[in-house]
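The structure appears right after this line, and notes come after that.
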Protein chains: 2
Amino acid sequence: MKEQAIDYYAHQAKMYVATDCIVFGFDKGDLKLLIFKRRVDPDRGAWSLIGSFVELEEDVDEAARRVLKEITGLDRVFFEQSKTYGKSGRDYGFRCISVAQYALIRVDDYDRELVEKHGAFWYTLKDLPKLVLDHDTMVKDALEKLRRKAQYQPIGFELLPEKFTIPQLQSLYEAIYQRELDPRNFRKKVLSLKVLRKLDEKDKTSSKRGAYLYMFEADNYKKLLQSGYNFEI
Amino acid sequence: MKEQAIDYYAHQAKMYVATDCIVFGFDKGDLKLLIFKRRVDPDRGAWSLIGSFVELEEDVDEAARRVLKEITGLDRVFFEQSKTYGKSGRDYGFRCISVAQYALIRVDDYDRELVEKHGAFWYTLKDLPKLVLDHDTMVKDALEKLRRKAQYQPIGFELLPEKFTIPQLQSLYEAIYQRELDPRNFRKKVLSLKVLRKLDEKDKTSSKRGAYLYMFEADNYKKLLQSGYNFEI
DNA sequence: AAAATAAATGTAAATTGTACGCTTAATGTT
DNA sequence: AACATTAAGCGTACAATTTACATTTATTTT
């Protein structure tokens with residue numbers, strides 16, 4: 001039986017499998033993307049997403065985690081599969097499919113030196129240059145998924161520092177949705193979700209009065225979900 | 001430069017790439033899944049999703065289309081990527097990643113003989129037997145995506161015959177969401193979306209009075225979307 | 001002490017969702 | 001021919017949510 005199994009697999013084609021990361025960050029009111037200059041041929045010097053081949057003994061998710069760690073220095077980055085790109089002609093003449101994953105990182109957390117060392121840069125989404133291969137499409141698709149997901153899961157918090165103000169949170173959601181939100185209604189809405197803990201500190205970088213800092217209460221959020229709550233922002 | 005490129009790829013691992021289809025159907029008020037008995041070792045005889053290896057010159061999507069055509073006889077089946085399963089140990093000792101795709105078919109359309117010839121059976125989701133490998137997880141995940149998607153895109157119509165009644169449509173959404181809906185509110189809601197065309201025919205299989213048949217107006221729907229409409233059921 | 005700035009709070013109107021009860025068209029039964 | 005039965009289809013009142021909009025407040029700078 002083992003023989004038959006081997007035989008069954010043996011006639012099939014094998015391919016390269018890669019993973020590409022769409023790394024979103026949020027800074028000064030803008031959604032940003034971490035892209036870098038390719039250092040290998042073909043297309044050396046062109047802008048590209050960060051990615052890697054998946055190794056033989058490695059989970060696809062592990063590969064993404066490895067890449068993200070290499071680039072940002074961070075161990076626990078939020079990431080999630082976006083879509084797999086499997087067109088036969090999508091690569092440089094070698095058959096290679098790529099599992100795209102989008103990641104959300106806190107811009108103040110990551111290791112700037114590491115990022116620079118890899119020739120990576122943060123680009124505002126609007127100013128994004130042309131990327132290699134189908135990476136433009138990957139970004140477009142990932143952004144769509146991010147927007148969709150932001151509506152029913154509190155992923156926005158992954159992009160902010162641990163302590164943040166409500167105006168900051170609003171500005172993030174404005175960047176994600178690409179439209180303005182009413183500050184009074186936004187505040188009302190997020191506070192009604194009961195997943196924010198107000199701190200005694202204020203952030204005074206953007207106003208004389210200062211805005212209270214809040215933290216995301218992951219425990220409350222989980223309890224809410226378990227009780228069948230439909231989280232929505 | 002070409003040499004370098006070849007060199008760059010040459011040291012990387014290659015893997016088997018498969019696609020597995022989660023084929024949903026809707027019949028007599030129940031959501032069903034098309035599964036079949038494996039005909040090859042290992043695990044011959046076990047229940048499994050329908051799938052295939054992706055060939056070297058074949059797009060991943062093409063592979064899914066090919067599988068669906070083989071099994072159902074249908075050319076134009078709605079399908080969409082669900083998720084890629086890439087754990088290193090997920091397969092039978094060979095490294096194989098699988099791109100799962102969920103498909104929606106009209107139970108009255110497909111070719112019954114073809115389905116039987118392949119040893120395939122329709123199972124109600126509740127009665128589903130244990131499936132091979134990680135196929136159980138694939139079904140669970142696909143169902144979640146289907147539910148999510150059904151909320152903002154009219155994919156439900158893919159599962160119904162071309163002409164259907166509003167009670168039928170309701171029963172489908174009840175099966176997808178696994179909860180009862182109020183017939184009066186449901187009717188109000190779907191009609192308000194203005195994507196249904198009422199026909200002069202009635203379907204009398206389920207009541208003496210008979211229910212009017214409707215068709216989905218894809219054109220209206222597209223126009224709505226373009227005008228920034230947020231379709232929701 | 002006054003001016004400037006963004007944060008924070010409140011309220012009314014409009015829209016949407018929910019929970020119902022009743023009527024209607026067709027068929028089968030007496 | 002009248003009546004019972006069945007699911008389809010319509011309408012309405014109330015609750016909840018979303019939207020639009022104006023004013024006050026805490027703090028710093030001048």
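Note that these values count all heavy atoms, side chains included, but never hydrogens, waters or copies made by symmetry. Proteins get letters first, then strands, A, B, ... in listed order; numbering begins at 1 in each.
The ring pair (Phe, Tyr, Trp, His ring centres under 6.0 Å) contacts involving residues 137-163 of chain B comprise B:F157-B:F164, B:F157-B:F216, where partners must be two or more places apart or lie in separate chains.
Residues B:W122 and B:F36 place their aromatic rings such that the two centres sit no closer than 6.0 Å.
For DNA chain D, the residues of residues 185-201 of chain A within the heavy-atom distance limit of 4.0 Å (strictly under) are A:N185, A:K188, A:K189, sorted by number. Of all the residues in residues 165-183 of chain A, A:D182 reach under 4.0 Å from DNA chain D with at least one non-hydrogen atom.
Look at CD1 on B:I233: it is 17 Å from C1' on C:dT18, rounded to the nearest Å. Atoms CG (B:D203) and C1' (C:dA26) sit 13 Å apart, rounded to a whole Å.
Between B:F24 and B:Y102, the angle of the ring planes goes over 60°, which puts this pair in the perpendicular group of the 30/60° scheme.
Using a 4.0 Å cut-off between charged side-chain N and carboxylate O, A:D182 and A:R184 make a salt bridge.
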Evaluate the side-chain contact (heavy atoms from CB on, under 4.5 Å) criterion for residues B:L193 and B:I233: first the C-alpha distance (whole Å), next the side-chain angles of each, then the deciding distance (0.1 Å), finally the verdict. CA-CA 9 Å; B:L193 298 172; B:I233 286 195; 3.8 Å; yes

Protein-proximity profile, nucleotides 24-30 of chain D, B/S/- by nucleotide at the 4.0 Å heavy-atom cutoff, equals -BBBB--

Validation: residues 60-69 of chain A side-chain donor-acceptor distances under 3.5 Å, sequence neighbours left out:
unit_1: A:R66; atom_1: NE; unit_2: A:E58; atom_2: OE2; d: 2.6
unit_1: A:R66; atom_1: NH1; unit_2: A:S52; atom_2: OG; d: 3.2
unit_1: A:R66; atom_1: NH2; unit_2: A:S52; atom_2: OG; d: 3.0
unit_1: A:R66; atom_1: NH2; unit_2: A:F53; atom_2: O; d: 3.1
unit_1: A:R66; atom_1: NH2; unit_2: A:E58; atom_2: OE1; d: 3.0
unit_1: A:R66; atom_1: NH2; unit_2: A:E58; atom_2: OE2; d: 3.3
unit_1: A:K69; atom_1: NZ; unit_2: A:D75; atom_2: OD1; d: 3.1
unit_1: A:K69; atom_1: NZ; unit_2: A:D75; atom_2: OD2; d: 3.3

Sequence neighbours left out, cut at 3.5 Å: what donor-acceptor pairs do the side chains of residues 136-150 of chain A make with other protein atoms?
unit_1: A:D136; atom_1: OD1; unit_2: A:L131; atom_2: N; d: 3.3
unit_1: A:D136; atom_1: OD2; unit_2: A:K130; atom_2: NZ; d: 3.1
unit_1: A:D136; atom_1: OD2; unit_2: A:L131; atom_2: N; d: 3.4
unit_1: A:D141; atom_1: OD2; unit_2: A:Y85; atom_2: OH; d: 2.6
unit_1: A:K145; atom_1: NZ; unit_2: A:S82; atom_2: O; d: 3.1
unit_1: A:R147; atom_1: NE; unit_2: A:I176; atom_2: O; d: 2.5
unit_1: A:K149; atom_1: NZ; unit_2: A:E80; atom_2: OE1; d: 3.2
unit_1: A:K149; atom_1: NZ; unit_2: A:E80; atom_2: OE2; d: 2.8

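Pairing each heavy atom of A:F186 with each of A:L181, the nearest pair is CD1-CD1, 3.9 Å. The minimum heavy-atom distance between A:Q168 and A:D203, with the atom names listed, is NE2-OD2, 3.6 Å.
A close approach under 4.0 Å does not occur between any side-chain nitrogen or oxygen of A:S206 and OP1 or OP2 of C:dT5.
Of the possible polar contacts, none joining the B:T124 side chain to the B:K126 backbone as a donor-acceptor pair under 3.5 Å is found.
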